[in-house]
Q: 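My structure is below; once you've seen it, I'll send some questions.
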Amino acid sequence: MGTEALDSTAPPRVSMVMPVHNGARWLDDAIDSILAQDFTDFELILVDDASRDASPAIMAKAAARDPRVRLLRLATNVGLPAALNHGFAAARGSLHSWTSDDNLLRPPMLTRLVATLDAHPEAQIVHADFTLIDDEGVELGRSRIGPVERLLYGNNIGACFLYRASVTEALGGYDAQLFGVEDYDFWLRAAQRFKFVTLHEDLYLYRKHGGSLTSQRAEQIQALTAEIVERALPDTLPARSRSEILLGLALRSSRRWRVDLVRRALRADARYVAAQLPALARWTLVVFRNRLTA
């Protein structure tokens with residue numbers, strides 16, 4: 001890994017990490033949305049994860065025009081979670097966040113997230129609502145995040161967040177083996193130890209497009225999701241809740257019969273599973289049709 005010379009001035013309040021691998025299409029706009037933040041006491045760490053398109057040139061131009069931009073170059077492609085860890089290992093701020101090369105921050109995002117954590121010294125993580133956009137930037141609708149108490153039922157933390165550097169340190173960063181669900185795993189582990197603040201303000205734009213990681217690796221991501229959620233289920237969880245969570249994981253799989261999850265849901269609460277037989281029947285038909293057309 002090569003790293004540009006580090007700035008010796010006082011550390012910024014916020015470290016924002018952006019991993020980039022062949023992300024030239026929307027990269028300029030993504031970077032500009034950070035540099036245009038109302039809150040200015042931040043560093044932007046661009047992690048070039050061995051890009052082979054125009055991304056390195058775009059990142060170099062940004063670093064040349066704004067001293068808050070730092071560029072890390074990785075010689076080989078390590079994947080999103082490992083690239084995040086490289087970025088945060090170089091971070092100097094007391095508050096951490098990250099974003100993707102296809103998403104956008106609304107101008108007041110950092111101002112509002114920093115102010116919220118300052119107002120809640122007992123909390124370590126704040127997350128906020130966001131809006132979905134398409135390839136052209138057209139807004140598709142707002143996503144309302146939380147509550148954290150429902151995190152085991154799905155990743156409801158969202159894409160807009162800020163957390164203290166102590167969270168990164170305590171959790172050891174992101175699990176490089178969980179590419180595609182590294183964020184959900186991070187939040188599941190964080191929820192066991194830290195306090196979240198949920199902010200219902202729309203501060204971020206999340207782009208949904210066919211080239212996104214979620215679209216490309218949907219089935220693998222669903223399998224990994226089931227793995228990390230099962231691992232996080234507490235022994236004290238009521239049987240009904242355990243059954244509901246396990247069955248919900250099974251029903252998300254659209255190309256594979258997760259009979260193993262259904263069986264474990266049955267063991268937890270057979271009456272609940274029996275009440276969901278219509279949903280199970282619909283799921284069976286969907287998987288059958290998808291497998292026929294695969």
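As the structure is a prediction and not an experimental result, all values here were calculated from the model.
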Q: Using only atom types and a distance under 3.5 Å, with no angle test, would you say the side chain of Arg189 pairs donor to acceptor with the backbone of Leu171?
A: yes
Q: What distance do Arg193 atom CZ and Ser166 atom OG have between them, rounded to the nearest 0.5 Å?
A: 9.5 Å
Q: Taking all atoms of both residues into account, what is the closest heavy-atom pair of Ser243 and Tyr272, and its distance?
A: OG-CD2, 3.4 Å
Q: For the pair Asp129 (side chain) and Ile145 (backbone), establish whether a donor and an acceptor sit closer than 3.5 Å, ignoring hydrogens and angles.
A: yes
Q: Quick one: pull up OG in Ser51 and CD1 in Ile58 and give me the separation to the nearest 0.5 Å.
A: 9.5 Å
Q: Can you tell me how far CZ of Arg252 sits from CG of Leu247, rounded to the nearest 0.5 angstrom?
A: 10.5 Å
Q: Distance from Trp98 atom CH2 to Leu44 atom CG, nearest 0.5 Å?
A: 14.0 Å
Q: Determine whether Arg106 and Glu139 satisfy the following criterion, salt bridge (Lys or Arg N to Asp or Glu O under 4.0 Å), listing intermediate values before the conclusion.
A: CA-CA 13 Å; Arg106 295 196 188 275; Glu139 296 190 6; 3.3 Å; yes
Q: Within a strict 4.5 Å, meaning less than it, do heavy atoms of the Pro81 and Leu178 side chains meet?
A: no
Q: Between Glu227 (side chain) and Thr225 (backbone), is there a donor-acceptor pair under 3.5 Å?
A: no
Q: Do the side chains of Leu251 and Leu285 join up, straight or via other hydrophobic residues, at under 4.5 Å, putting them in one cluster?
A: no
Q: Got a donor-acceptor contact below 3.5 angstrom from the Asn77 side chain to the Ala50 backbone?
A: no
Q: Could you pull out the closest heavy-atom pair between Ala24 and Asp53, with the gap in Å?
A: N-OD2, 3.1 Å
Q: Decide yes or no for Asp49 and Asn22: does some side-chain heavy atom of the first lie under 4.5 Å from some side-chain heavy atom of the second?
A: no
Q: Give me the atom names and distance for the closest heavy-atom approach of Val47 to Gly87.
A: CG2-CA, 3.7 Å
Q: Tell me the closest heavy-atom pair linking Tyr174 and Asp183, and the distance in Å.
A: CE2-CA, 4.2 Å
Q: With side chain to side chain contact (heavy atoms under 4.5 Å, CB included) as the criterion, how do His127 and Val148 come out once you've worked through the C-alpha distance, each side chain's angles and the decisive distance to 0.1 Å?
A: CA-CA 10 Å; His127 62 132; Val148 175; 3.7 Å; yes
Q: Indicate if Leu205 and Leu162 have the same hydrophobic cluster label, given that clusters are the connected sets of ILVMFWY residues with side-chain heavy-atom separations under 4.5 angstrom.
A: no
Q: Determine, stepwise, if the pair Arg13 / Asp118 fulfils salt bridge (Lys or Arg N to Asp or Glu O under 4.0 Å).
A: CA-CA 12 Å; Arg13 186 85 192 278; Asp118 285 347; 2.5 Å; yes
Q: Keeping the roles fixed (side chain from Arg256, backbone from Ala223), state whether a donor-acceptor pair exists under 3.5 Å.
A: no
Q: Donor-acceptor pair, Arg164 side chain versus Leu95 backbone, under 3.5 Å?
A: no
Q: Which heavy atom in Ser100 sits nearest to a heavy atom in Tyr204, and how many Å separate them?
A: N-OH, 3.9 Å
Q: Any side-chain heavy atom of Thr111 within less than 4.5 Å of one from Gln37?
A: no
Q: Kindly determine whether Asp269 and Glu244 satisfy side chain to side chain contact (heavy atoms under 4.5 Å, CB included), including the steps that lead there.
A: CA-CA 8 Å; Asp269 190 333; Glu244 186 179 357; over 6 Å; no
Q: Find out whether Asp185 and Arg231 are in side-chain contact, i.e. whether some heavy atom of one side chain is under 4.5 Å from a heavy atom of the other.
A: yes
Q: Shortest non-hydrogen contact from Ala10 to Arg92?
A: O-NH1, 4.3 Å
Q: For Ala250, is there any backbone N or O sitting under 3.5 Å from a side-chain donor or acceptor partner on Trp283?
A: yes
Q: Does the side chain of Leu80 reach to within under 4.5 Å of the side chain of Pro19, using non-hydrogen atoms?
A: yes
Q: For the pair Phe288 and Trp257, name the ring-plane relationship: parallel under 30°, tilted 30 to 60°, perpendicular over 60°.
A: tilted
Q: When you group the ILVMFWY residues by side-chain heavy-atom contacts below 4.5 Å and let the links chain together, are Leu104 and Val69 in the same group?
A: no
Q: Is there a side-chain contact between Leu151 and Tyr184 (heavy atoms, below 4.5 Å)?
A: yes
Q: Show the numbers, then the answer: is there a salt bridge (Lys or Arg N to Asp or Glu O under 4.0 Å) between Arg255 and Glu219?
A: CA-CA 7 Å; Arg255 294 187 177 274; Glu219 194 62 29; 5.6 Å; no
Q: Side-chain contact test, heavy atoms from C-beta onward, threshold under 4.5 Å: evaluate it for Phe130 versus Asn103 and give yes or no.
A: no
Q: Walk me through it: do Leu188 and Leu152 pass the test side chain to side chain contact (heavy atoms under 4.5 Å, CB included)?
A: CA-CA 8 Å; Leu188 286 168; Leu152 286 167; 3.9 Å; yes
Q: CG of Leu203 to OG1 of Thr131: how many Å apart, nearest 0.5 Å?
A: 9.5 Å
Q: Would you call the rings of Trp26 and His209 parallel, tilted or perpendicular if under 30° counts as parallel and over 60° as perpendicular?
A: tilted
Q: Just verifying a value: how many Å separate Ile228 CD1 and Leu224 CG, rounded to the nearest 0.5 Å?
A: 7.5 Å
Q: For Gly23, does its backbone N or O pair with a side-chain atom of Ser55 as donor and acceptor, under 3.5 Å?
A: yes
Q: Taking Ile133 as the starting point, is it possible to reach Ile34 by hopping between hydrophobic residues whose side chains are less than 4.5 Å apart?
A: no
Q: Backbone N or O of Lys195 within a donor-acceptor pair of the Gln124 side chain at under 3.5 Å?
A: yes
Q: Take Tyr163 and Trp187, measure what side chain to side chain contact (heavy atoms under 4.5 Å, CB included) needs, and give me the verdict at the end.
A: CA-CA 11 Å; Tyr163 49 92; Trp187 301 131; 3.8 Å; yes
Q: Hey, quick one: are Leu233 and Phe186 part of the same hydrophobic cluster, counting side-chain heavy atoms closer than 4.5 Å, chains of contacts allowed?
A: yes
Q: Quick check against the 3.5 Å criterion: does Arg68 have a side-chain atom that pairs as donor or acceptor with the backbone of Asp41?
A: no
Q: Check the surroundings of atom CZ in Arg52: do more than 12 heavy atoms from other residues, nucleotides or ligands lie under 6.0 Å from it?
A: no
Q: Is the closest side-chain heavy-atom distance between Lys61 and Asp28 below 4.5 Å?
A: yes
